[in-house]
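Below is one structure, written out as structure tokens, with a few remarks after it.
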Amino acid sequence: GTSDPYVKFKLGGKEVFRSKTVHKNLNPVWEEKAQILIDNLREPLYIKVFDYDFGLQDDFIGSAFLDLTSLELNRQTDVTLNLKDPHYPDHDLGSIVLSVLLAPGEQREATQSLRLSDLHRKSQLWRGIVSVTLIEGRELKAMDANGLSDPYVKFRLGHQKYKSKIVPKTLNPQWREQFDFHLYEERGGIIDITVWDKDVGKRDDFIG
């Protein structure tokens, strides 16, 4: 009597984001954030919801379109989209709630996103997404003369890297950062995690 839903977002026929799967739930809460690079506002964002089935083909739950031209620039908008199945247009398949912010992209972020999407197109071999939430650090080692540290964390999975923000002057940093890695077939699934103390003007200290 339940589903294991996840959501795919597509632009111009290409998948631009896939959410994590919420197991055994008809009212899933994702709270996931994605930045999507848009070339053409007239191209609607296509949203498809699936039920994950282990070892079998995932079941289609429903889909919706978000008209990007209806959004006001630089204004966070909450949108509720009713899910439909083109084959059964009168069936009620539930709804998806999004909070959407349309903003002009910075050039640096734009090139980075483009490079990432190129990378994904070249290697559509990934079999899953690892969603990591870095919450906090506890009782880290003091690396500075003031008895504190300026900690940050580096994550690496294959060629993919993520670096957290630096939390100054603390041994119990609060990060609350979320990011995704893609899991590729050919590489091992080991994430290398290192914690560092930021030092201005000299080499950062390795904490552990």
Side-chain angles (χ1 to χ4, degrees), residues 3-11 14-25 27-38 45 47-52 58 66 71 74-81 96-103 105-106 108-120 123 126-140 149-168 170-184 187-198 204 207-208:
S3 291
D4 306 300
Y6 68 89
V7 188
K8 280 184 182 179
F9 293 80
K10 287 186 166 188
L11 260 184
K14 294 188 192 80
E15 187 176 315
V16 288
F17 178 68
R18 177 178 166 162
S19 79
K20 60 177 184 266
T21 303
V22 179
H23 293 281
K24 296 189 173 61
N25 204 319
N27 297 287
V29 176
W30 282 285
E31 294 287 359
E32 283 184 70
K33 208 174 191 174
Q35 278 192 341
I36 296 168
L37 190 68
I38 293 158
L45 186 62
I47 295 144
K48 290 175 92 168
V49 184
F50 291 91
D51 164 51
Y52 175 77
D58 295 349
L66 175 62
L71 299 172
N74 290 324
R75 179 158 168 254
Q76 191 101 21
T77 313
D78 290 346
V79 183
T80 302
L81 299 168
I96 287 284
V97 181
L98 307 171
S99 183
V100 189
L101 177 67
L102 189 65
E106 287 175 31
R108 187 183 56 80
E109 282 185 6
T111 51
Q112 199 180 3
S113 308
L114 270 174
R115 211 163 51 236
L116 277 173
S117 61
D118 279 341
L119 196 70
H120 295 168
S123 46
W126 43 276
R127 56 194 161 101
I129 289 181
V130 187
S131 266
V132 180
T133 305
L134 171 64
I135 300 169
E136 63 184 9
R138 292 181 190 155
E139 295 171 23
L140 299 180
S149 292
D150 308 298
Y152 66 91
V153 188
K154 284 184 186 172
F155 295 83
R156 201 184 79 224
L157 175 61
H159 65 273
Q160 304 165 90
K161 291 176 181 170
Y162 179 84
K163 183 177 163 181
S164 79
K165 62 175 186 269
I166 297 155
V167 185
T170 179
L171 301 180
N172 297 287
Q174 296 277 330
W175 281 288
R176 313 235 178 261
E177 291 179 50
Q178 195 265 332
F179 62 95
D180 292 337
F181 278 153
H182 289 100
L183 205 53
Y184 290 87
R187 292 188 186 84
I190 292 176
I191 298 181
D192 186 35
I193 302 164
T194 51
V195 183
W196 299 82
D197 163 53
K198 178 72 184 166
D204 295 352
I207 294 179

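One-based numbering along the sequence shown.
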Would you say that I135 contacts R176 through its side chain, given a criterion of any heavy-atom pair below 4.5 Å between the two side chains?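 Yes, close enough: below the 4.5 Å cut-off.
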Okay, side chain of [X], backbone of [Y]: is any donor-acceptor separation there less than 3.5 Å?
X    : Y    : value
T21  : H23  : no
Q160 : H182 : yes
T77  : L71  : no
D51  : D4   : yes
E177 : K165 : yes

For N27, I'd like to know if atom CG has over 12 heavy atoms of other residues, nucleotides or ligands within 6.0 Å.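 Counting other residues, nucleotides and ligands, CG of N27 stays at 12 neighbours or fewer.
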Output, in order, the C-alpha distance, side-chain angles, deciding distance and verdict of side-chain contact (heavy atoms from CB on, under 4.5 Å) for I96 and W30. CA-CA 10 Å; I96 287 284; W30 282 285; 3.9 Å; yes
What distance do [X] atom [atom1] and [Y] atom [atom2] have between them, rounded to the nearest 0.5 Å?
X    : Y    : atom1 : atom2 : result
R18  : K8   : CZ    : NZ    : 6.0 Å
L134 : F155 : CG    : CZ    : 4.5 Å
F181 : K161 : CZ    : NZ    : 10.0 Å
D197 : I207 : CG    : CD1   : 5.0 Å
I193 : I191 : CD1   : CD1   : 6.0 Å
D180 : S19  : CG    : OG    : 9.5 Å

How are the rings of Y6 and Y52 set relative to one another: parallel (under 30°), tilted (30 to 60°) or perpendicular (over 60°)?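 Geometry flag for Y52 against Y6: perpendicular rings.
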Please report the closest heavy-atom contact between [X] and [Y], naming both atoms and the distance.
X    : Y    : result
V167 : Q174 : CG2-O, 3.9 Å
V79  : L66  : CG1-CD1, 3.9 Å
L140 : P151 : CD1-CB, 3.7 Å

Please determine, by modelled atom types, if D78 and Q76 share a side-chain donor-acceptor pair under 3.5 angstrom.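 No, no side-chain donor-acceptor contact under 3.5 Å.
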Would V7 and K48 count as a side-chain contact (heavy atoms from CB on, under 4.5 Å) here? Give the steps. CA-CA 6 Å; V7 188; K48 290 175 92 168; over 6 Å; no
Kindly determine whether V100 and L45 satisfy side-chain contact (heavy atoms from CB on, under 4.5 Å), including the steps that lead there. CA-CA 11 Å; V100 189; L45 186 62; over 6 Å; no
The test is salt bridge (Lys or Arg N to Asp or Glu O under 4.0 Å); show your working for D192 and R156 and say whether it passes. CA-CA 5 Å; D192 186 35; R156 201 184 79 224; 3.7 Å; yes
